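Chain identifiers are assigned alphabetically (A, B, ...) following the order of the sequence lines, protein sequences preceding nucleic acid strands; residue numbering begins at 1 within each chain. Values in this document were obtained by computation on a predicted structure and should not be read as measured data.
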2 protein chains.
Amino acid sequence: MIDQPARRVGALLDQVGRQLRQHSMPALDSLGMRPRHLLTLTVLRDRAGSSQADLSTLLQIDRTNLVGLLNELEADGLIERRRSPEDRRRHLVELTRDGRELLSKAEFALAFVEDHVFGALDASQRETLYELLQLAANGEASCSELSSDC
Amino acid sequence: MIDQPARRVGALLDQVGRQLRQHSMPALDSLGMRPRHLLTLTVLRDRAGSSQADLSTLLQIDRTNLVGLLNELEADGLIERRRSPEDRRRHLVELTRDGRELLSKAEFALAFVEDHVFGALDASQRETLYELLQLAANGEASCSELSSDC
DNA sequence: TATTGTTATACTCTATAACTATA
DNA sequence: TATAGTTATAGAGTATAACAATA
């Protein structure tokens, strides 16, 4: 054996992510959303009141591109921006009621897509996958934001 | 409790995938690669001799965009295209020796990136994550290619 | 007629630099 | 001076239509 190839999770993550996005498109289109809209609403539900800078690192979307994205969501009445009283430079972003409702609709529709893409996994395997990804996501998020011990 | 939100794996997969890609950029740049190059080489190692149409569905890259991507890889001597004797419409694609070597280098460099992004997971958890993603990827791949019972 | 690879092209996503306002 | 948000713009990624060669 010449080479023990590294088990690169990245390549697999890429592949599955692409399949997921591909199959999600029709459902999202019918709701007038693109993938980044959905991702943003999803993260905002857990992290309501984040500043745009916080969102930028959470979503891994450049703050300069985030502006236009939030403009679209705000124009559709899905989110709200308000100035922070403590630091008037900041915009605190929150989901509106309409935003929550649309997010629910999207998740309902996408449940079927995930059932298809993750058809080879049983319920407990999917649960495990979810928990492992959450671990990774939270571990990273806590790095870039407040703490600097990474 | 009004709403039991679906545990959407997709959003997490998106987030972690973005973080991974973000942190991988510098390492890939120094090797003159972009993410899609790496993905393509990685998949080609397992599926040598795939046609471009096969690759298109495996990579979830439109066949029309795949052309230019393969042109770049071929110009760099990383892959080879040859006509299939059985069906002269097809190009069978394979890694060259240089392609394998560059892939190894990239994987070595990216191992450190993955160590960072998946720092919150121990060795056995990463192994589990890898296996679950592989299950999902292979389950989907076997759908779109040969069998049609999905 | 259908499929494989290809080109051209428009559209979306992403990254860089410079500006305004607050701190 | 540094940071949050914004604008403008160039580059990379993606999707659609049309074509030549082969089946």
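Taking all atoms of both residues into account, the shortest heavy-atom contact from B:A11 to A:L39 is O-CD1, 3.8 Å.
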### Message
Applying side-chain contact (heavy atoms from CB on, under 4.5 Å) to A:L55 and A:I61, what does each step give before you reach the verdict?
### Response
CA-CA 8 Å; A:L55 279 178; A:I61 293 177; over 6 Å; no

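Among the heavy atoms of the strands lying under 4.0 Å from B:S51 are primed sugar atoms or P, OP1, OP2 only; no base atom is included. Residue A:D87 is classed as a sugar-phosphate contact, given heavy-atom separations below 4.0 Å to backbone atoms only.
Ionic pairing of A:R45 and A:E107 is present here: one or more N-O contacts between side-chain nitrogen and carboxylate oxygen are shorter than 4.0 angstrom.
Residues A:M25 and A:N71 both approach DNA chain D. Their nearest nucleotides, taken by heavy-atom distance, put A:N71 toward the 5′ side. Across the interface with DNA chain C, nearest-nucleotide mapping of A:T64 and A:R88 shows A:T64 to be the residue nearer the 5′ end.
The distance between atom CZ of A:R63 and atom P of C:dA17, rounded to the nearest whole Å, is 12 Å. Straight-line distance from the CG atom of B:L69 to the P atom of C:dT7: 14 Å, rounded to whole Å. When rounded to the nearest whole Å, the span between CD of A:Q60 and C1' of C:dA15 equals 13 Å. We find that CD of A:Q52 is positioned 19 Å from P of C:dT20, with the value rounded to whole Å. With rounding to whole Å, B:L70 atom CG is found 15 Å from C:dT7 atom C1'. With rounding to whole Å, B:L66 atom CG is found 11 Å from D:dT14 atom P. Taking atom CZ of residue B:R83 and atom P of nucleotide C:dT6, one finds them 7 Å apart after rounding to whole Å. Distance CG (A:N65) to C1' (D:dT6): 12 Å, rounded to an integer number of Å.
In the displayed structure, B:E80 atom CD is contacted under 6.0 Å by at most 12 heavy atoms of other residues, nucleotides or ligands. More than 12 heavy atoms of other residues, nucleotides or ligands lie within 6.0 Å of CZ in B:R83, so this atom counts as buried by the packing criterion.
Listed candidates were D:dG5, C:dT14, C:dT16. Nearest to the side chain of B:R18 is C:dT14. For A:H91, the side-chain atoms get nearest to D:dG5 when compared with the rest of C:dT4, C:dA15, D:dG5.
Within 3.5 Å, a donor on the side chain of B:R89 pairs with an acceptor on the base of C:dT3, or the reverse.
Within the structure, every side-chain polar atom (N or O) of B:R81 is placed at least 4.0 Å from both OP1 and OP2 of C:dT4.
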